[in-house]
Amino acid sequence: MNVFPLRLRSQGLRDLVREIAASEQISQNELIEQAVAHEVLLRGATLIDDLERAAHRIGDLTDAEYAKIVDRSLTDFAEGEGFAEPLQAYAIDIENATQDATQEERDIDSLGVMAAFDSAQTYSAQADSAQT
């Protein structure tokens with residue numbers, strides 16, 4: 001058994017511990033041990049409650065901040081809808097293009113996007129004729 005010397009500074013407290021231990025028919029050490037265990041459990045429960053309340057407060061703050069972010073993004077989106085479109089679409093008429101197209105016309109499809117579409121259509125037509 002571990003020994004822990006305990007010094008109670010108050011004579012009145014020592015007398016109360018002695019009286020209560022006698023009336024409970026337990027040793028003074030056992031009474032003090034029970035009191036300490038009770039106090040530790042009580043403080044632990046209080047700490048848990050404090051932590052849970054803090055977690056709820058943080059969660060509420062987080063929810064409030066999230067709502068602010070959503071509101072701000074919706075406002076920004078609505079304001080952006082009033083701006084002109086940043087990209088304007090236009091059609092490329094490859095069928096009417098000629099071999100002697102100007103440099104500007106060749107730059108329109110400099111990445112060969114239309115050629116890729118044309119080859120896909122050719123491949124699709126070949127596959128269809130092969131099945132028949």
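- Side-chain heavy atoms closer than 4.5 Å link hydrophobic residues (I, L, V, M, F, W, Y) into clusters, and following such links, even through other members, never connects Leu41 to Leu47.
- A donor and an acceptor atom, one from each side chain of Asp15 and Gln11, are located under 3.5 Å apart.
- The cluster map of Ile, Leu, Val, Met, Phe, Trp and Tyr, joined by side-chain heavy atoms under 4.5 Å apart, puts Leu31 and Leu13 in the same cluster.
- Remark: Ile58 CD1 to Thr62 OG1 distance equals 7.0 Å, nearest 0.5 Å.
- Between atom CZ of residue Arg14 and atom CD of residue Glu19 there is a gap of 13.5 Å, rounded to the nearest 0.5 Å.
- In this structure, Glu39 and Val36 have side chains that are not in contact, with every pair of non-hydrogen atoms separated by 4.5 Å or more.
- Hydrophobic clustering of Ile, Leu, Val, Met, Phe, Trp and Tyr side chains at less than 4.5 Å, counting indirect connections, unites Ile32 with Val40.
- Put simply, the residue from Val17, Ile20, Leu8 that forms a side-chain contact (heavy atoms from CB on, under 4.5 Å) with Gln28 is Val17.
- For the atom pair Glu52 CD and His56 NE2, the distance stands at 6.0 Å (nearest 0.5 Å).
- In this structure, Asp76 CG and Ile69 CD1 are separated by 11.5 Å, a value rounded to the nearest 0.5 Å.
- The side-chain contact (heavy atoms from CB on, under 4.5 Å) check on Arg53 picks up Asp49, Asp50, Arg57, with sequence neighbours excluded.
- Under a hydrophobic clustering in which Ile, Leu, Val, Met, Phe, Trp and Tyr are joined whenever their side-chain heavy atoms come within less than 4.5 Å, directly or via other members, Leu74 and Tyr66 fall into the same cluster.
- Summarising the local packing, CD of Gln34 is surrounded by more than 12 heavy atoms from other residues, nucleotides or ligands at distances under 6.0 Å.
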